[in-house]
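Here the structure is laid out as structure tokens; the discussion comes afterwards.
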Amino acid sequence: MSNNSSDSDNSNDSPAGKTWPLPLWIAHRGAGKLAPENTLAAFRLGARHGYRAFECDVKLSRDGIPFLLHDATLERTSTGRGAAGEQDWAALARLDAGSWHSPAHAGEPLPSLEAVAAFIIGQGMAINIEIKPTPGQERQTGEVVGREVLRLWAGSGQVLPLFSSFQPEALRGARDSAPEVLRGLLLDKLRPEWLDEAAELGCSAVITNFRLMDEATLAAIQAAGMKALVYTVNDAKAASRLIAAGIDGIITDAVDRFPPSR
Ligand code: G3P
Ligand code: MG
């Protein structure tokens with residue numbers, strides 16, 4: 001399969017004329033069921049299964065360093081305690097983010113966005129960075145992650161990430177600091193005016209819970225000139241239904257069961 005980074009046909013162009021960065025199949029949280037989520041071990045595992053594109057969750061340390069973590073707190077996926085956004089990166093970087101998953105991954109660190117960018121760029125892969133702010137830090141997180149992505153990808157010759165967020169304010173922050181990086185609005189329900197909201201944010205994609213993505217919803221997104229993506233599809237029947245309907249991207253945990261055909 002291609003990671004689309006060098007394709008130049010129109011189907012890979014976003015409405016704004018920028019290159020759409022992602023193939024159909026995208027590994028969720030790195031590839032974070034078989035390895036600890038949002039760690040480099042998970043990215044390496046996904047790559048071993050042939051995945052060339054990854055979703056991950058990014059937030060800020062107290063001193064403003066973007067790093068990977070899903071939850072606002074540290075307990076579930078690391079040896080840390082309390083709110084992740086209240087600790088400096090030097091302390092977060094010493095935590096064990098692997099032993100909660102399995103002994104084989106003991107000592108796996110929380111990765112900085114910089115470390116993940118080095119992996120993705122070095123492998124010529126693609127990434128969907130979900131901006132997952134500590135509550136109250138939405139705008140600032142979007143702005144800082146936007147600046148950091150432009151710094152990390154500068155001169156790499158590689159396709160830029162896709163940003164996504166459930167938080168419109170985070171997408172506004174990213175738009176302010178990195179307008180050239182494509183954005184996607186994440187939705188876990190279809191609230192009123194959701195499509196207008198995505199358009200107002202200048203989004204190139206809408207990414208919904210897969211249960212929300214019926215044919216009418218998919219058609220409405222694509223008719224508005226945006227890509228339609230879904231998370232988190234781990235069921236083969238659901239994947240087949242969505243592919244037949246023309247879905248543009250599928251975020252999955254099941255990297256061992258779904259070979260990334262494109
Ligand atoms: O970005 C898609 C998906 O990751 C959203 O849900 O909770 O796994 O971050 P969550
Ligand atoms: Mg996510």
Side-chain angles (χ1 to χ4, degrees), residues 20-40 42-43 45-46 51 53-60 66-78 84-85 97 100-101 110-111 113 116 120 125-135 137-138 141-142 145 149 160-171 174 181-191 194 197-198 201 203-213 217-218 221 226-235 238-239 242 247-255 258 260:
W20 175 249
L22 299 171
L24 177 68
W25 290 99
I26 303 156
H28 185 224
R29 302 188 191 177
K33 287 283 189 195
L34 303 173
E37 65 183 52
N38 285 313
T39 67
L40 282 169
F43 284 79
L45 184 138
Y51 276 71
F54 300 84
E55 184 267 0
C56 65
D57 306 296
V58 173
K59 53 177 43 69
L60 300 182
F67 72 101
L68 273 60
L69 189 73
H70 180 276
D71 298 1
T73 52
L74 291 158
E75 280 83 350
R76 182 177 65 85
T77 57
S78 83
W100 69 273
H101 180 276
L110 293 170
L113 178 58
V116 169
I120 292 290
M125 293 182 174
I127 191 164
N128 165 207
I129 297 173
E130 182 189 340
I131 305 170
K132 189 82 109 181
T134 298
Q137 297 183 10
E138 288 80 9
T141 304
V145 173
V149 160
L160 287 167
L162 172 75
F163 286 142
S164 62
S165 189
F166 289 106
Q167 306 298 329
E169 203 57 15
L171 294 174
V181 179
L182 298 183
R183 294 173 298 282
L185 179 63
L186 277 164
L187 296 171
D188 60 3
K189 62 176 187 188
L190 297 180
R191 55 184 177 253
W194 59 271
E197 190 178 4
L201 291 163
C203 286
S204 298
V206 174
I207 309 165
T208 75
N209 183 308
F210 76 94
R211 294 181 180 86
L212 302 177
M213 192 66 84
T217 302
L218 195 155
I221 294 167
M226 293 182 242
K227 303 279 190 183
L229 285 73
V230 283
Y231 68 91
T232 305
V233 180
N234 297 326
D235 173 73
L242 289 156
I247 199 75
D248 295 305
I250 298 177
I251 299 172
T252 183
D253 296 312
V255 298
F258 295 152

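By convention here, the first residue in the shown sequence is residue 1. All figures in this text were calculated on a predicted structure; none of them were measured in a lab. Counting starts at 1 for both ligands and their atoms, in listed order.
- One finds the CG atom of Leu110 at 10.5 Å from the CG atom of Leu40 (value rounded to the nearest 0.5 Å).
- Every atom of ligand 1 with a heavy atom of Arg29 under 4.0 Å away is listed here by number and element: 7 (O), 8 (O), 10 (P).
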- [ ] Output, in order, the C-alpha distance, side-chain angles, deciding distance and verdict of side-chain hydrogen bond (donor to acceptor under 3.5 Å, both in side chains) for Asn128 and Ser164.
- [x] CA-CA 7 Å; Asn128 165 207; Ser164 62; 3.0 Å; yes
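- A distance of 7.5 Å separates CD1 of Ile26 from CG of Leu24, quoted to the nearest 0.5 Å.
- Closest approach between the Mg ion (ligand 2) and any N/O/S atom of Glu130 involves OE1.
- For Glu55, the N, O or S atom with the smallest separation from the Mg ion (ligand 2) is OE2.
- Residue contact check: Glu55 has heavy atoms under 4.0 Å from atoms 1 (O), 2 (C), 3 (C), 4 (O) of ligand 1.
- The backbone N or O of Leu68 sits nowhere less than 3.5 Å from a side-chain atom of Asn38 that would complete a donor-acceptor pair.
- Residues Met213 and Ile221 are in side-chain contact: their nearest non-hydrogen atoms beyond the backbone lie under 4.5 Å apart.
- Within the 4.0 Å heavy-atom shell around ligand 1 one does not find Thr232.
- Ligand 1 places these atoms under 4.0 Å from at least one heavy atom of Leu186: 1 (O), 2 (C).
- Using a 30° and 60° split on the angle between ring planes, Phe43 and Phe54 fall in the tilted class, from 30° to 60°.
- The Mg ion (ligand 2) sits nearest to atom OD1 when only the N, O or S atoms of Asp57 are considered.
- The CZ atom of Arg76 sits 6.5 Å away from the NE2 atom of His70 when rounded to the nearest 0.5 Å.
- Across the listed options His70, His28, Glu130, Glu37, His70 owns the non-hydrogen atom lying nearest to atom 7 (O) of ligand 1.
- For ligand 1, the atoms sitting less than 4.0 Å from at least one non-hydrogen atom of Lys132 are 7 (O), 9 (O), 10 (P), numbered in the order shown with element in parentheses.
- In Asp57, the part holding a heavy atom less than 4.0 Å from any atom of ligand 1 is the side chain.
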